[in-house]
Amino acid sequence: MDTWEKEWLDEQQRVDHLSSKINKKMNTIDQLLGGKKGEVVEIRKNFWEDVTVNFEDAAEAAETAASIRQQAELLSEIERSHQGASQQMKTYEKLKNSPYFGRIDFKEENETAADNIYLGIASFYDEETNDFLIYDWRAPISSLYYDHGLGTASYTAPGGEVEGEMKLKRQYIIRGGKIKSMFDTGVTIGDELLQEVLGNEANAQMKSIVATIQKEQNEIIRKTSGELMIVQGAAGCGKTSAALQRVAYLLYKYRESLNASEILLFSPNAMFNTYVANVLPELGEENMAQTTFQAYIEHHLGSDFDIETPLQQMEHMLSTQNNDGYENELAGVRYKASLSFLESIEQYLESLKKSDMVFRGIHFRGRPIVSAEEITHYFYSFDENMSIPNRLKLVTEWIQKAVREFEKKERKEEWVKEQLHYLDESVYTKLYHKLRKKKQYSKDTFNDLNREEEELSAVIVRKAIKPLRNKIQQLRYVNVKALYRNLLEKVPHEMGDEWHNIAHHSKADLAENKLSYADATPFLFLKERIEGFQTNTMVKHVFIDEAQDYSPFQFAFIKRIFPRARWTVLGDLNQSIYVHSPENAFDHLSQLFDSRKIERVRLSRSYRSTKPIVEFTKHLLKDGEGIIPFNRDGTLPCVTRVYSKDQLHEDIIGKAGVYERNGYQNIAIICKTVSESQQVYEELKGKLRVKLMADEEVAYEKGIVVIPSYLAKGIEFDAVILYDASIQSYGAESDRKLFYTVCTRAMHDLQLYVLGEINPFIGSVPEGCYLKEERG
């Protein structure tokens, strides 16, 4: 037996020894869980038997309440303990299967021997030896594994910098408690481990990358001093994965003061939420709150408006690229997305302090209570330096007082007397008991007919007028639609008459209770600034993925919502495919923060795709030379020219079948638009097991999918079949980044079909970087 075989045997014996210790802990927890479950069942079963219930007087009622509270707290504490033990059991299950992925031997300065540090997804402490047999990958000492090779090394501990020497770095692939692969390396993370991980098929859910975190990714994960971290990375560089590990690291480092509910991720779409949903639970952490910016807009405006989604905007802009007026519409969208437009709104708000607020009169059953003119006069009776929201609070109180006066008079109206005759017996009984409870009336007093009618009339009017009161409290008397229309007319803009056309379209939408995506954020901003901006000070960290798709206006809006949050934004300016996003989006974002508290990380190495695919895709960009492929072999991308749709569909069916036989589980047929995707799906569905994914709300699933270009962004597939890469589909310069984005979705194979003339972006790729075929 040679030295390496003996070391392998020793390492396996350690895994076996560790497995027995994990088993012992799992058995202990299993017994605890059984006992806790029994306790919970017993307490629930006997809950009221163990509570003294007595409501005879105030003292007895208070004692009863205390008894109930005590039982409830006991039950809650046992359930919390049970939940914690269950979570621990899940972690041990994972450790039993794969206890660790790395080992470092580190000798501190002035120490005689090196410590053996084994790294896994969670720590494992052995009470018998008072030692950590596994260190959590987020522990300070674990950073040595990610940041250093052999030789001089250091890490930052709570007590300060610790220096020493790295004697050994070893990596493992352990499955089912058995070492499948083991190798020593002098670099950060060995290519062998990355090859094993990256060579696997794509999954319907993103996985943890703790075993393969690279040095530059580790910087993203562990840097926590700044207020804004901007991560600009090439397609497939692992920026999203690193961001999710960063969330897990924050929850570990600040576990006493931070919980998952205080972290918010803005993801690109709802489908992406399902894609990343498993990463944090895999690491033993709760998922942070996840939403989309569109969902936030819908939550605040969706009950009043039909709001265009960013995907609908994209579909519209792609479909009208060749129409007259496209450039003018594009300029309007970009202006509404700018900080210049936000500044125009602020100036407009200042002018509203002096004049031109628009109100709706308050009416009940067609009769006026307070006219719009009276509200306007009262609003402008206050000092013009008083903020609009503060004035509206006073106006609301004034209107509610007027409604109360109106309500008293309304009780004598004929409609009230009519309703008295049709009152249900239960209403009468309910009112009687309510008044008795207040000890206002005896039964004899209540039987007085006049008194009875007065009280019942009051109930009828109060109930009828309650919806009006709620609307007043919600400031529905402020006509924000009219104010936004006026804003569009008053905005000074260099587009001149063309701006009037844009404003006309927006006003026409408003008349039909529609909001374009370009108008939605400015409209909500105006509404919030008038009514009182709703901020969230509980959220401590905001993460924004695919941040290149956000406009400067949206960044400023989100900053105002979460004034105390630290930001981590991730994006690739080369994948900026939405018309509202400027090329220098991150520069606009930086203006919102103190420049001394901004951290920037650039990731250039692409891990998702094979080296041939990266070499092909980087040439699609004007400045793609800085993208570095990971050295993973694969076949060259193939560009196949066909001359009919029948030939195209026949080829796609054959190619998809080949991919399935090769074991690929996620295959995407990417079309440019939703309408094209729907047409292709109809053509293929009887001949191929294929699903249509044309809605961002659909969960991401394995299999063959037909999907539009912009919905595929952010997801990876084993193989990508690009439906039509002709100049007719991707011919404009504005299509370059979209074309690059869809091609970079492929992990192992990329097939491009061209129905007609090849687009100019493929024409810029050196011929040796792809295969050429002709059909028909």
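Bear in mind that the values here come from a model prediction, so they are computed numbers and not experimental data. Worth knowing before you read on, the calculation uses all heavy atoms, side chains too, and leaves out hydrogens, waters and symmetry mates.
Pairing each heavy atom of D549 with each of I577, the nearest pair is OD1-N, 3.9 Å. The two atoms that bring Y710 and L311 nearest to each other are CD1-CD2, 3.2 Å, heavy atoms only. Nearest approach of M317 to V579, heavy atoms of both residues: CG-CG2, 4.0 Å. Closest non-hydrogen pair, L755 versus S726, comes out as O-CB, 3.6 Å. Heavy-atom minimum distance, I762 versus A725: CD1-CB, 4.0 Å. Annotation for S506 and L488: closest pair CB-CD1, 3.5 Å, computed over non-hydrogen atoms.
Ring geometry, F553 versus F341: the interplanar angle falls from 30° to 60°, so the pair is classed tilted. Between F739 and Y730, the two ring planes are tilted [angle within 30° to 60°]. Between H300 and Y296, the angle of the ring planes lies from 30° to 60°, which puts this pair in the tilted group. Ring orientation note: the planes of F364 and W415 are tilted relative to one another, at an angle of 30° to 60°.
The backbone N or O of F761 sits nowhere less than 3.5 Å from a side-chain atom of R736 that would complete a donor-acceptor pair. A donor-acceptor contact shorter than 3.5 Å is absent between the side chain of Q534 and the backbone of I561. Of the possible donor and acceptor atoms, one in the side chain of K239 sits under 3.5 Å from a partner among the backbone N and O of A234. No side-chain donor-acceptor contact under 3.5 Å links S576 to the backbone of L573.
Put simply, the side chain of V370 does not reach to within 4.5 Å of the side chain of H363, judged on heavy atoms. The shortest side-chain heavy-atom distance between V395 and F359 does not fall under the 4.5 Å cut-off. When side chains are defined from C-beta on, L648 counts as touching Y723, because their heavy atoms get closer than 4.5 Å. Counting only heavy atoms from C-beta outward, the side chains of T376 and V358 never approach each other to under 4.5 Å. Taking the side chain as every heavy atom from C-beta outward, L589 and L228 approach each other to under 4.5 Å. The shortest distance between side-chain heavy atoms of L722 and Y753 does not fall below 4.5 Å. With a 4.5 Å cut-off on side-chain heavy atoms, E410 and R365 count as touching. Between P708 and L711 there is a side-chain heavy-atom pair separated by less than 4.5 Å.
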Show, in sequence, the C-alpha distance, side-chain angles and deciding distance for L752 and C743, and conclude whether the side chain to side chain contact (heavy atoms under 4.5 Å, CB included) test is met. CA-CA 9 Å; L752 302 96; C743 290; 3.8 Å; yes
Please evaluate residues Y477 and L392 with respect to the criterion side chain to side chain contact (heavy atoms under 4.5 Å, CB included), reporting the C-alpha separation (whole Å), side-chain torsions for both, the decisive distance (0.1 Å), and the verdict. CA-CA 10 Å; Y477 62 90; L392 289 177; 4.0 Å; yes
Steps toward side chain to side chain contact (heavy atoms under 4.5 Å, CB included) verdict (T568, V247): CA-CA 10 Å; T568 303; V247 173; over 6 Å; no
Test side chain to side chain contact (heavy atoms under 4.5 Å, CB included) applied to F379 and L394, step by step: CA-CA 8 Å; F379 179 85; L394 297 174; over 6 Å; no
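E757 CD: 12 or fewer foreign heavy atoms inside a 6.0 Å radius. Enclosure of atom NE2 in H504 is not indicated, since only 12 or fewer non-hydrogen atoms of other residues, nucleotides or ligands lie within 6.0 angstrom. Summarising the local packing, CG of D324 is surrounded by 12 or fewer heavy atoms from other residues, nucleotides or ligands at distances under 6.0 Å. No more than 12 heavy atoms of other residues, nucleotides or ligands shown are found within 6.0 angstrom of CE on M538. Few gaps surround NZ on K691; more than 12 heavy atoms of other groups in view lie less than 6.0 Å from it. In this structure, R564 places its CZ atom where only 12 or fewer heavy-atom neighbours from other residues, nucleotides or ligands lie under 6.0 Å away.
Using a 4.0 Å cut-off between charged side-chain N and carboxylate O, R391 and E384 make no salt bridge. The existence of a salt bridge linking E546 and K713 is confirmed by a sub-4.0 Å separation between a basic side-chain nitrogen and an acidic carboxylate oxygen. For the pair R560 and E346, the salt-bridge criterion is met [side-chain N within less than 4.0 Å of a carboxylate O]. Using a cutoff of 4.0 Å between basic side-chain nitrogens and carboxylate oxygens, E397 and K393 are not scored as salt-bridged. A salt bridge does not link R566 with E227: none of the charged nitrogens is closer than 4.0 Å to a carboxylate oxygen. The pair E489-K507 counts as a salt bridge, with a side-chain nitrogen and a carboxylate oxygen less than 4.0 angstrom apart.
Here the CG atom belonging to L515 is positioned 6.0 Å from the CD1 atom belonging to I307, to the nearest 0.5 angstrom. For the atom pair N328 CG and W499 CH2, the distance stands at 10.0 Å (nearest 0.5 Å). For the atom pair CD (E327) and CG (L330), the distance works out to 5.5 Å, reported to the nearest 0.5 Å. The OH atom of Y740 lies 8.0 Å from the CZ atom of R745; values are rounded to the nearest 0.5 Å.
Inspection of the D545 and S267 side chains reveals no N or O donor paired with an N or O acceptor under 3.5 Å. Between S516 and D519, the side chains place a donor N or O and an acceptor N or O closer than 3.5 Å (distance only, hydrogens not considered). The closest side-chain donor-acceptor pair between Q232 and R600, if any, does not fall under 3.5 angstrom. The closest side-chain donor-acceptor pair between S344 and Y335 falls under 3.5 angstrom. Q294 and E298 form a side-chain donor-acceptor contact under 3.5 Å, judged by distance and modelled atom types alone. Side chain to side chain, S387 and N390 meet the donor-acceptor criterion of an N or O pair below 3.5 Å. Using modelled atom types, one finds no donor on one side chain facing an acceptor on the other under 3.5 Å when comparing E315 with Q313. A donor atom on one side chain and an acceptor atom on the other are found under 3.5 Å apart for E329 and H316. Side-chain contact annotation: Q321 with D735, donor-acceptor N/O pair under 3.5 Å present. For the 3.5 Å distance criterion, the side chains of Q400 and Q473 qualify, holding a donor opposite an acceptor.
The distance between the ring centers of Y578 and Y550 does not fall below 6.0 angstrom. Remark: aromatic rings of F543 and W567 are distant, center separation not under 6.0 Å.
Partner E350 forms a side-chain hydrogen bond (donor to acceptor under 3.5 Å, both in side chains) with one of K354, K353, Q347 and no other, that one being K353.
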